[in-house]
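Worksheet: the structure to be examined is printed underneath.
Quick note: numbers below take in every heavy atom, side chains included, and nothing from hydrogens, waters or symmetry partners. A note on names: the letters A, B, ... follow the listed sequences, proteins ahead of strands, and every chain is numbered from 1.
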Amino acid sequence: MRSVKVEDVLRGGYEGERVLLRGWVYRRRKTGGVAFVVLRDSSGILQCVAERERGEVYDIAKKVRIESSVEVCGTVRREDKAPGGYEVLLDDIRVVHMAEAFPINRYKSEEYLLDNRHLWLRSREMTAVMKIRSTVFGAIHEFFRENGYYEVQAPMFVGSAVEGGSTLFEVPYFDKKAYLTQSAQFYLEAFIYSLEKVYTVAPSFRAEKSRTRRHLTEFWHAEAEVAWYGNEDMMKDEELLMEHIVRRVLAERKSELEYLGRDLDRLRAVEAPFERMRYERLIEMARDIGVEISYGDDLGADEERAITKEFEKPVFVTHYPSETKPFYHRPDPENPSVVLCHDLLAPEGYGEIIGGGERIWKLDVLLQRIRSYGLNPDDYSMYIDLRRYGSVPHAGFGLGVDRAVMWIAGLDHINKAIAFPRTIRRLRP
RNA sequence: GCCGCCGUAGCUCAGUGGUGGAGCGCUCGGCUGUUAACCGAGUGGUCGCCGGUUCGAAUCCGGCCGGCGGCGCCA
């Protein structure tokens, strides 16, 4: 007999029929006359009933431990008292593996769940998040491929820094030192001279000793770089990308969002275009709501939260003072003290999920910038070289995919958005 | 890097100077339909580690280790 999925039974497709189901024991309850085994598979949970008259089936059902793997056979019937409205009256049950006492029970701390993430992964909550995450990654690839981008791959081992400020993880590399990449950007810039529109989805590593709910040391980075694009061109693709991701999740993962308690109307509001706001205006706005901040300051976490709570959908912040951004951003020809860059801030206090902008494409300007930032041009020889042979205006961006998942799923911590989070204090499981 | 908090049974916690506890889990038994079922019995400990104070330390003091939350830094 072919096995069926829980979700298909719950849709009513097998009412009155005998079915085979495979899965894990989610809950077990027993009374004198019947034993209930709630079965979990990748598609949902379903109540199965064993009646005492069944003898051996009942004896097994009342003894099987939570999270044991089982194969069951029985007849599907409607039952209003069962979760989901259907249940299976068992005529056979086979314990594939009797689980040891499962260490996670009704009482659980965040810390314990992180220590046991390999087991907590099978919870309904993590399952919902992982399904949403899968849809987000799929939607990213879908968007880029439908819009003329080529997918490329950049190295994870690098010989020197990409951005000056961020901290690098150092790893032994034979008789040399290597570093783990913090961004594929410089490599993507090399690809635009042949492929013009490129993207990559890969991990980035940052050795920042950040202790916040929005930071991972290893995070998934969706980055793109496009020849002949300016700052505004790039933002147009980004808002369409974010709209596409959110629409996909709403279309395919509604029940998972609802399980997580996400307010769907907040996501339905995410439609392009997004507002563009100059950094200068943002500072004024921050002052209007009582935040003490002066021009040239980078936005603190409190300020960012306060401001993004004012918005219904993501908002672009542009034209930051050049000293608050990395050296490679192109200065605004109309006001060289600011750069043609943008951050995309997610609403509801989630904050920055994208950083991007137009790159300096003229050799002399780039060399002058590198020097004025106190950096060594030798460390950027490849990057500089790209400005010597048919340089073109171009722009790019990087999306923190885990942050996007956190926002879309409405999670309160980024470590709930990734299966095995790596943070300053957590390297296992 | 800075500030704050926590560490006692497999899990969640109570115990704040005098013989280490409860609920859940697990094991056994009971109950004719449960909904994180319920009832009864049993099981379960390096009180994070090291040192100090004391007649006596889970409890007070010092150091260390591990973790959590927040800030700064960033996607």
Inset, instruction - Could you tell me whether the side chain of A/Tyr229 and the main chain of A/Glu358 form a donor-acceptor pair under 3.5 Å? - result: no
Legend entry - Cationic tip of A/Lys313 above A/Phe274 ring, under 6.0 Å, 45° of axis: no
Legend entry - A/Tyr383 and A/Glu189 side chains, donor-acceptor separation under 3.5 Å: yes
Inset, instruction - Please determine, for the side chain of A/His215, which listed nucleotide (B/A37, B/C68, B/C73) has the closest atom? - result: B/C73
Inset, instruction - Mind checking A/Arg27 for me? I need base, sugar-phosphate or nothing, with any heavy atom below 4.0 Å counting as a touch. - result: sugar-phosphate
Inset, instruction - With a 3.5 angstrom cut-off on both distances, give the Watson-Crick or G-U wobble partner of B/G4, or none if there isn't one. - result: B/C68
Inset, instruction - Indicate, yes or no, whether a donor-acceptor pair under 3.5 Å links the base of B/U34 to the side chain of A/Gln47. - result: yes
Inset, instruction - Taking salt bridge (charged side-chain N to carboxylate O under 4.0 Å, His left out) as the test, write out the residues that go with A/Arg248, two or more places apart. - result: A/Glu142, A/Glu252
Legend entry - Distance-only donor-acceptor test (3.5 Å): side chain A/Glu111, base B/G66: no
Legend entry - A/Tyr259-A/Glu125 side chain donor-acceptor pair, cut-off 3.5 Å: no
Inset, instruction - Run the salt-bridge test on A/Arg422 and A/Glu218 with the 4.0 Å N-O cut-off and return the result as yes or no. - result: no
Legend entry - B/A14: pairing nucleotide in any strand, Watson-Crick or G-U under 3.5 angstrom: none
Legend entry - Atom pair distance, as rounded to whole Å: OH in A/Tyr86 and P in B/U34: 21 Å
Inset, instruction - If a protein heavy atom is under 4.0 Å from the base, mark B; if only from the sugar-phosphate, S; if neither, -; do that for nucleotides 25-31 of chain B going 5' to 3'. - result: SSS---B
Inset, instruction - Could you check how far CG of A/Leu345 sits from P of B/C74, rounded to whole Å? - result: 14 Å
Legend entry - base_contact_polar (B/C74 base, A/Arg403 side chain, donor-acceptor, <3.5 Å): yes
Legend entry - Nearest-angstrom distance from the residue atom OH of A/Tyr26 to P of B/U34: 19 Å
Inset, instruction - Tell me which of A/Arg426 and A/Asp80 sits closer to the 5' end of RNA chain B, going by the nucleotide each one is nearest to. - result: A/Asp80
Legend entry - Any donor-acceptor N/O pair under 3.5 Å between B/G69 base and A/Arg214 side chain: no
Inset, instruction - Using both distances under 3.5 Å as the test, list the Watson-Crick or G-U wobble partner of B/C49, or none. - result: B/G63
